[in-house]
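Below: one structure, written as structure tokens.
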Amino acid sequence: MTLLRISDLKTQFPTPDGIVRAVDTIDLSIGERETLGLIGETGCGKTVLGLTLMRLLQSSTKTEGTIIYKGTNLLKISEAEMRRIRGEEIAMILQNPTTSLNPVMRVGGQIAEAIRLHQGLSKRDAKEKAIEMLDAVRIPSPSIRVNEYPHEFSGGMKQRVMIAMGLACNPSLIIADEPTKGLDVTIKSQIMKLLKEVTEERAMLIITHDLGVARELCDRIALMYAGELVEYATTGEIFEDPLHPYTRGFLGSLPSNGLVPIPGMSPSLINLPDGCRFHPRCGHATELCRRKHPDMIEIEDGHFVRCFHA
Amino acid sequence: MLEVLGLTKYFSSGLIRKRYLRAVDDVSFKIEKGKTLGLVGESGCGKTTIGRLILRLTKPTGGKVLFDGIDLFALNRRELLAIRPRIQMIFQDPDSSLNPRMKIGTSIAEPLKLHGTIPKAKRGQRIRELIETVGLNPEHVNRYPYQLSGGQNQRVVLARILAMNPDLIIADEPTSSLDVSVQAQILNLMKDLQKKFDHTYLFVSHDLDVVRIMADRIAVMYLGRLVEIGETGDIYDCAKHPYTQALLSAATVDGGKERIVLKGETSSPIDMPAGCRFHTRCPRKRERCTIEEPELVEVGRDHYVACHLV
Amino acid sequence: MHQISKLAYYFVIVLIILSINFSLPRAMPGDALSYLTDPGADIPVRMTEEKREILLAYYGLDKPLSEQYITYMVGIIRGDLGWSIYYSAPVLEVILGRLKWTLILVGTSTAIYITLGILLGATSAWARGRKRDMGLLISIISISSFPSFFLGILLAIIFGIKLDIFPISGAQTAFATYSSPLEEIFDILHHLVLPAATLVLSHIGGTYFLMRNSMLGVLGEDYIMTARAKGLSERYILHKHALTNALLPIVTMTAMTVGFMIMGTIFVETVFAYPGIGNLLYNAVSYNDYPLLQGIFLFLTIAIVGANFIADMIYIRLDPRVNHE
Amino acid sequence: ENDGVAAMDSDKTVKMAGGTPGGADWGYPAPFTFYPRGPGYSRMSLLFDTLTWKDADGVIPALADGWTVSDDGKTWTFYLDRNARWHDNELFTADDVKFTIEYMQDHEGEFTWFEAINYINDVQVIDDYTVVIDLNAPMASFLVDIAGNVPILPEHIWCDVSDPRTFKDDDAVIGTGPLKLVDYDSAMSSYQYEANYDYYDGKLLVDEFISMEVGDAPAALKTGDVDEVSFWGSEIIAVQDFKDNHPEFTIVTGPSFWVLQVIFNCDADDTKGYPTNILEFRQAIAHGIDRDEIVSQVLNDGGIPANTGIMHPDSIWYNPDCAVYEYNPDTANDILDSLGFTEKNSEGIRQYPAGAERSGNVEFYLYTTGKFSREAGLIQTDLAAIGIGIYVSPSTWGPIDDRLKAGNFDMVISGHGGISNPQIMRIPSWPASTYQNSEYDSIFTAQEVEMDLDTRKELVDQLQEVVADDLPVYTLYHPYMWCVYNPEVLDTWFYTRDGIGIGIPLELNKLIFLARYGDANENGEISMQDVTKMERMILELDDESDMADANQDDEINMQDVTHIELIILGRAPIRIG
Amino acid sequence: MIEGRKILGSIGLGILTIFVIVAVFAPYIAPHDPHQMYRPMEHPSSSHLLGTNDIGNDILSEIVYGTRVSLFIAFVVSVISMLVGTSLGLVAGYFDKVGFLIMRVVDVVLTIPRLPLIIVIASFIRPSIWNLIALFLIFGWTMPARIIRSEVLTLRRRYYIDATKMIGGSDFYILWRHILPNVIPLVVVQFIMEAIHVILAESGLCFLGLGDPVAMSWGMVFHYAFECPIIYVSDVWMWWMLPPGLCIVFTVLGLTFVGYALEETFNPKLKNPFGGMER
Ligand SMILES: Nc1ncnc2c1ncn2[C@@H]1O[C@H](COP(=O)(O)OP(=O)(O)OP(=O)(O)O)[C@@H](O)[C@H]1O
Ligand SMILES: Nc1ncnc2c1ncn2[C@@H]1O[C@H](COP(=O)(O)OP(=O)(O)OP(=O)(O)O)[C@@H](O)[C@H]1O
Ligand SMILES: [Mg+2]
Ligand SMILES: [Mg+2]
């Protein structure tokens with residue numbers, strides 16, 4: 001069953017230098033309890049997509065398309081209704097745990113405030129719940145830790161707190177933006193283990209550029225390039241049978257795959273190349289690629305690719 | 001080429017009651033000419049500090065660094081200035097490695113200017129050469145760092161370093177802030193340059209996959225100490241130290257094997273545990289580990305491990 | 001340990017400033033008695049050498065400097081600030097006489113301008129770039145461009161003279177008989193309006209700008225986004241998350257400007273003939289009244305250091321991070 | 001019989017603006033705690049009486065109804081008022097006088113305006129109401145400087161006070177004066193007095209008197225916040241405004257007994273005094289300064305060019321025949337040329353003659369307090385025209401005082417009051433401290449002890465001529481003072497002849513609060529009618545012209561009245577002057 | 001927003017330019033010699049646009065010449081404060097030990113009650129322009145030094161500083177070529193702050209009668225106006241007190257606008273209020 005269906009989604013930032021087309025015509029869906037990985041290079045629009053789903057971008061942003069969540073279009077409802085959805089239905093774990101926690105507020109309070117708001121619990125009960133949540137994300141002696149401040153937590157523990165905050169109201173969908181970024185390898189393993197448990201019960205959109213993370217956690221993977229999706233398939237297919245040249249390049253540039261780089265660099269989102277956005281870096285680019293912008297096509301069942309030559 | 005003997009650095013803090021942070025503790029290793037030593041370990045274990053100590057950007061507490069037989073710590077200011085060009089370092093963050101208010105060309109020209117080895121008239125020529133060597137366009141010369149991408153800036157850094165004709169390059173996580181595809185470009189470039197100019201590398205990274213490709217030998221650090229050092233192949237195939245094993249299991253992309261998830265977090269380098277520094281997280285901890293600090297012992301050809309269990 | 005070194009630091013600062021207090025007036029030309037012969041609008045005191053010496057001895061000013069210094073320090077430790085030569089009264093008494101009014105004036109206006117500055121600054125930051133922000137910004141920049149004495153005079157002319165709704169001098173109607181304490185309070189407030197308004201207007205800019213900047217910085221922080229992502233209302237976020245963080249620099253700034261604020265009233269006091277410390281200092285300077293000068297400086301130093309100390313304490317309460325370096 | 005009630009009904013309060021902003025506080029009005037400035041003294045003098053006092057025409061009896069002086073001028077006998085009482089209802093007696101003088105001697109210098117040591121030998125009490133004061137030497141100004149200056153203290157209160165400067169109890173303000181202190185607030189700079197209805201020497205015209213600080217005096221007077229405001233010198237602008245636009249207020253003009261002067265360094269030692277120690281040089285400067293312009297521009301004609309002999313034209317000591325230095329740059333130039341200061345640089349500044357103590361441009365600093373920098377500016381311009389370069393250096397009084405004391409200056413502009421009293425001309429405490437002239441000193445000493453008024457006046461005239469000729473200082477101007485008041489509240493404001501006390505020029509004389517017995521028809525003024533009415537009443541005389549001028553000075557004035565009173569009381573007064 | 005910044009900046013620059021022109025060309029702009037005396041207290045007329053003051057000087061001419069004095073003091077103090085403050089800030093930020101010492105001195109100077117001390121000293125020294133300048137300088141350097149030091153402390157941690165050391169750049173070279181250019185924006189903003197401060201402080205001292213009566217700055221014109229006994233009770237204030245007061249206000253306003261525009265341009269933290277992504 002589809003939990004969230006995004007169609008034709010566009011997000012644009014008007015800036016003095018021009019319009020930044022950070023998210024461009026994205027179609028995606030996430031089923032219940034499905035874990036979707038969103039992968040792409042820096043600046044390709046992953047975070048913006050996440051924030052667009054939460055409607056957390058500043059008002060000057062232009063958003064088009066539809067985001068149907070459990071039958072309602074999130075882009076059409078009022079801000080108040082949206083606030084109810086945030087945290088309770090869809091939770092987002094932001095990119096950087098160190099800066100994403102309020103430094104002057106106790107960790108427990110930060111977890112509890114959403115619980116109090118959405119579930120109407122008393123201060124006391126909310127705190128109990130917060131302790132429970134900290135325990136759930138394996139923070140030792142949670143009843144002491146609730147009363148501490150973020151700076152008393154290590155990086156990995158802050159990420160756990162972020163996850164606990166996301167889980168607090170038991171949302172149906174969690175958007176996790178780079179949940180393992182900046183963590184040490186051994187800590188990363190711990191967090192991944194935790195995320196794996198989390199994904200068993202609810203749908204999750206994991207934004208990352210770490211393929212290892214995606215491979216281990218996700219059911220399906222979407223690859224994003226310059227604001228749009230270029231390939232979208234199950235994890236197995238992406239890794240075993242990548243169709244888009246960018247996907248192949250991306251996989252090939254992994255150290256374990258021999259470190260074969262994609263030449264050139266990603267385009268600016270203000271000045272996108274005509275035709276296929278990847279063509280300047282693509283080894284197989286033809287005249288057609290230079291002229292015409294390819295559409296997403298379903299090559300196999302559930303395997304979408306944006307390439308004329310796939 | 002480079003021999004590090006008992007290198008030690010304690011940072012002290014506090015005016016009245018001094019507290020010592022043992023960032024690097026009695027570290028010894030050798031790098032042969034034209035070879036690469038990979039240095040891996042968790043954040044804060046002292047990798048960067050070792051690099052800075054060798055360059056004498058940080059004052060050492062103890063130990064010796066022999067570079068081509070010259071004791072770097074015994075040099076006076078003048079001698080140091082003379083030898084510094086031969087040892088260079090690439091930093092973690094390319095964006096802050098370049099003065100934001102200086103044009104790329106000026107930045108690259110700076111070492112030439114400061115050393116005056118090349119007459120002013122020929123500098124332009126040399127800069128063009130360097131720029132080509134690192135795969136940039138001549139038009140980039142007149143740009144500012146913020147107008148280039150991270151990968152391009154890291155190339156500029158490389159060009160600048162090449163201008164000095166160094167023998168030893170210390171690369172401190174040169175790609176940790178770059179995308180995988182860009183990382184591949186830079187790493188490949190570094191490899192090419194090494195072949196071409198016969199550079200010796202001390203390659204610092206927290207990513208074992210990267211180190212595997214780059215390094216001839218690998219040194220693994222934990223909390224300021226070397227725990228294991230050996231040929232790359234040996235380390236990957238038969239790691240002896242439980243910490244190295246945990247790192248390896250966490251690193252590989254293709255899942256397969258069961259992960260070794262270490263519990264807890266790295267101890268603080270200020271309140272170091274007695275005995276083996278790793279015992280707090282070690283899955284195979286023994287009584288002895290909590291009392292006695294293990295020494296590096298040779299377990300294979302050029303393969304040393306500091307663990308009571310081997 | 002951190003606290004101890006902080007205290008030691010304050011101690012050294014106070015010591016240095018006390019020594020400056022002591023030496024400065026003495027380093028200045030003229031002595032404590034020269035005011036007696038000052039050519040004012042009336043007759044000078046005829047001062048023979050004998051008389052001068054008798055008076056200097058009376059005030060202990062004939063002793064060697066080192067001895068005066070020791071007396072001064074010992075006096076301070078014992079809480080005895082000396083005897084004001086001009087006012088012919090204990091320095092402490094003279095200062096305390098004015099302190100009440102200074103505190104009323106500085107206290108009310110500080111409370112108002114800080115609250116108002118915080119509110120307006122936050123409003124402005126919240127509405128950044130919109131009309132309300134620009135309007136506030138430009139009006140506050142404009143008001144802040146007025147020297148306080150100019151502002152005071154304009155207010156006095158407009159509200160005191162032309163409209164004649166507020167008194168323009170004094171802190172209270174002289175020797176009025178009040179039928180109730182309420183009436184007295186009203187009278188004091190009535191006199192307070194213009195000077196306090198002047199102070200508020202001329203000081204609000206600092207707080208406003210700091211708050212606006214600080215708030216803008218905070219609003220850009222990731223934890224604000226996190227709070228939004230939790231579905232919290234804007235209002236709640238503003239109060240619970242943004243304000244506390246944005247207030248941190250305000251605390252420091254307020255402490256740093258306490259001394260400035262107390263002395264800044266000198267202009268307002270001059271314009272509105274308000275009996276305060278600023279005016280007292282001015283007189284002490286005019287009459288070379290060493291003990292009084294020293295006393296005022298001591299008081300100011302204590303106020304400043306005390307304010308900084310309190311700010312440190314508040315800071316520790318507000319920002320849990322400072323305890324850990 | 002219900003006078004008191006009547007007074008309560010029509011409670012009359014007089015309010016006066018106490019001074020400039022920040023400066024209306026003149027200290028606790030006890031004898032040792034007021035700030036030693038004129039306004040402080042005047043506020044104290046409302047509470048404490050002296051043996052004699054002054055009104056608009058000169059010395060009058062106060063606590064002493066009459067007095068005699070011995071022929072050698074050393075022994076003064078005072079006959080005291082038998083009705084005087086202290087505010088706490090204790091009787092005032094001769095013991096209080098003796099106590100006061102001795103107390104002042106014990107606390108030498110602490111009552112800043114009186115030096116007991118040098119003058120007073122002994123005080124004897126003859127009976128309760130007769131006291132004899134023995135001096136070390138004759139003292140011409142005794143009646144003014146001591147009898148009219150020293151506040152008499154109640155012995156029963158002060159006998160236990162060891163440090164009078166710290167004594168600020170309610171008791172410290174118990175005097176015999178016409179007013180009693182109700183409240184004083186240093187911070188608010190305000191004084192509140194109430195009438196002493198039992199005053200021995202006249203009926204009180206007011207019930208309450210308040211001196212307070214106002215932000216803007218003219219505004220306060222117009223709004224009725226105060227009933228009287230005084231102005232000084234260039235503030236004539238405001239007086240003019242009242243004159244032109246507010247005829248409902250009355251204006252009284254008074255002399256300030258104040259002079260602004262250029263002080264020259266006359267030190268005979270050339271290393272210090274050259275070239276201002278050359279008389280002709282000083283004269284040239286005097287000719288070079290346009291005093292009329294200073295008076296008209298800086299003072300807005302709120303004063304007059306000064307008497308070169310210091311004493312104020314409105315004072316009895318004025319010598320109208322002192323040398324006058326016409327403003328005439330040509331004369332000045334001629335003098336300077338003749339002195340050898342002939343060469344000029346490109347800017348027209350003269351050079352010192354060869355071989356003189358100084359060389360180069362004739363340029364000096366003109367030190368002055370910031371207040372007089374505008375006068376200094378004009379002098380700068382004037383002197384530039386005669387080839388003398390001036391740098392104006394304004395500062396506060398302290399540094400200038402230091403320079404004067406050390407003789408480290410060329411020219412200073414400074415002023416002082418008290419020029420109704422020749423004693424001010426004592427060197428070296430008078431600003432001309434570098435001036436040395438033994439002739440001058442001997443004349444000064446002679447006038448100090450000369451008891452005969454005419455002879456003393458001659459001596460003072462001579463002093464003035466010496467000053468005018470020798471120019472140790474060159475006087476610039478005398479400003480005037482104005483008292484602007486609302487006559488409906490109180491119409492008795494006046495300026496005291498030669499100032500109150502030792503010469504304080506202020507309008508706050510306690511007599512304004514009194515309807516003296518002389519005001520028989522109670523019109524608030526002492527006039528011919530009062531005297532004659534009273535005389536006729538009491539002496540049952542018919543001839544009006546005969547007795548009115550009791551002291552026969554061809555004028556009807558206060559003295560006549562008190563004279564008559566004394567006759568009535570059976571004690572013949574001693575003629576003054 | 002960007003527009004607002006630009007508009008304010010240009011308005012500010014415009015105001016300042018006008019005042020600078022007035023200062024430079026004062027002799028050509030002033031209708032009269034400011035020392036020339038006419039009839040005192042004249043009301044505005046065609047010959048004296050702002051009337052004359054109590055001693056008959058043409059008020060307009062006084063104000064025109066006053067521009068010179070006021071701007072000169074502000075300019076000199078700010079320039080020297082900046083030079084000293086910047087150099088000390090650079091040194092203090094770059095060299096730890098010297099820095100510690102300098103910062104302790106700064107702490108003490110900043111804790112000393114500034115205004116009262118200025119009042120005390122000002123009342124004793126000869127209040128000439130140069131003395132006033134010296135007086136403001138005692139304190140002027142501290143804030144810039146402190147602010148610049150903290151900036152240097154962060155700049156010093158940038159890798160390009162280490163990189164320059166590696167290629168043999170001396171400390172002086174690094175300070176001059178790499179750190180100084182990066183603190184220039186701060187210096188400019190601080191320069192403006194200091195200028196504002198000095199303009200206000202100088203006028204304040206003048207108001208209290210502690211200014212240089214020989215050099216008529218706006219503050220002094222204002223002071224004499226305030227001393228005039230009929231300033232409240234007549235309309236004189238409109239042409240005698242208002243104009244110099246407004247000159248001060250507009251100069252400060254101009255400086256503030258320019259400073260604000262610069263700060264908005266320089267301060268990257270303010271650039272993206274919704275950021276958190278872009279940084
Ligand atoms: N508020 C904004 N105004 C203008 N441009 C913006 C804004 N926010 C983001 N962008 C631009 O949108 C593009 C996509 O940004 P986004 O943060 O989504 O990238 P990302 O894929 O999450 O990258 P990373 O992996 O570095 O987090 C970037 O080029 C960014 O500069
Ligand atoms: N200048 C310094 N003063 C005090 N402590 C320092 C300093 N530099 C580094 N340290 C400390 O020394 C330890 C080692 O730091 P180092 O930067 O060498 O770690 P690293 O292994 O490079 O870590 P990372 O992977 O995060 O770069 C850390 O605990 C760090 O906090
Ligand atoms: Mg992102
Ligand atoms: Mg590092």
Side-chain angles (χ1 to χ4, degrees), chain B residues 15 48 51-52 54-59 77-78 80-103 106-117 145-146 153-154 156-166 168-170 172-174 177, chain E residues 86 90 93-101 103-104 107 148 150-189 262-263 265-272 275-279:
Chain B
L15 266 180
T48 303
R52 297 177 60 89
I54 295 171
L55 276 160
R56 275 189 60 180
L57 289 172
T58 301
K59 248 199 182 139
R77 265 186 94 79
R78 168 112 26 90
L80 185 68
L81 272 181
I83 206 152
R84 255 198 184 151
R86 298 182 55 197
I87 315 171
Q88 292 291 310
M89 186 157 172
I90 308 175
F91 299 97
Q92 208 161 342
D93 176 10
D95 294 331
S96 96
S97 301
L98 293 169
N99 186 339
R101 281 171 207 282
M102 234 180 211
K103 284 184 183 158
T106 324
S107 277
I108 299 178
E110 206 178 13
L112 303 176
K113 195 176 95 190
L114 278 171
H115 279 272
T117 38
Y146 72 89
N153 278 335
Q154 202 62 301
V156 175
V157 170
L158 272 170
R160 215 171 114 104
I161 284 175
L162 291 180
M164 303 294 291
N165 261 328
L168 172 66
I169 293 178
I170 299 166
D172 185 11
E173 316 203 19
S177 63
Chain E
T86 307
L90 285 176
Y94 195 76
F95 301 103
D96 289 327
K97 289 212 176 92
V98 193
F100 183 79
L101 282 181
M103 280 311 114
R104 295 296 76 75
D107 281 343
I148 291 189
S150 62
E151 180 69 12
V152 173
L153 281 181
T154 50
L155 286 176
R156 204 175 74 164
R157 266 185 238 125
R158 301 278 150 84
Y159 291 126
Y160 61 83
I161 301 300
D162 287 330
T164 315
K165 272 190 203 156
M166 283 178 343
I167 58 170
S170 65
D171 289 337
F172 177 78
Y173 177 86
I174 290 173
L175 277 175
W176 182 252
R177 283 286 293 166
H178 290 275
I179 295 187
L180 183 63
N182 282 295
V183 297
I184 288 289
L186 257 188
V187 173
V188 173
V189 173
L262 287 176
E263 192 150 11
T265 319
F266 290 144
N267 193 347
K269 205 171 174 188
L270 299 181
K271 263 195 183 150
N272 183 4
M277 297 172 261
E278 223 183 46
R279 278 175 296 121

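Residue numbering restarts at 1 for every chain, and letters A, B, ... go by the order of the sequence lines.
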Give, for atom [atom1] of [X] and atom [atom2] of [Y], the distance between the pair rounded to the nearest 0.5 Å.
X         : Y         : atom1 : atom2 : answer
His178(E) : Leu98(B)  : NE2   : CG    : 10.0 Å
Met166(E) : Leu57(B)  : CE    : CG    : 7.0 Å
Leu114(B) : Thr164(E) : CG    : OG1   : 8.0 Å
Ile167(E) : Leu112(B) : CD1   : CG    : 8.5 Å

Provide the closest heavy-atom pair for [X] versus [Y] in the form atom of the first, atom of the second, distance.
X        : Y         : result
Phe91(B) : Ala163(E) : CE1-N, 3.9 Å
Ser96(B) : Arg158(E) : CB-CD, 3.8 Å
Ser97(B) : Tyr160(E) : O-CB, 3.1 Å

* Asked: Just checking heavy atoms, which of residues 179-189 of chain E are less than 4.5 Å from chain B?
  ->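 Listed by number: Pro181(E), Asn182(E), Pro185(E).
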
* Asked: By side chain to side chain contact (heavy atoms under 4.5 Å, CB included), which residues pair with Thr106(B), not counting sequence neighbours?
  ->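 Applying side chain to side chain contact (heavy atoms under 4.5 Å, CB included) to Thr106(B) gives Met102(B), Lys103(B), Arg177(E).
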
* **Heavy-atom donor-acceptor pair, Arg84(B) side chain to Lys165(E) backbone, under 3.5 Å** =>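 Looks like yes, one N/O pair under 3.5 Å.
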
* Quick one: of Leu55(B), Asp95(B), Asn99(B), Ile87(B), who has the most non-hydrogen atom pairs under 4.5 Å with chain E? ->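 The residue among Leu55(B), Asp95(B), Asn99(B), Ile87(B) with the greatest pair count is Asn99(B).
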
* To do: Heavy-atom distances under 4.5 Å only: say whether Arg160(B) touches chain E with side chain, backbone, both or neither.
  =>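 The answer is the side chain of Arg160(B).
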
* To do: For Tyr173(E) and Glu110(B), test the side chains for any donor-to-acceptor distance below 3.5 angstrom and give the result as yes or no.
  =>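 There is such a pair (donor and acceptor under 3.5 Å, judged by atom type) between the side chains of Tyr173(E) and Glu110(B).
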
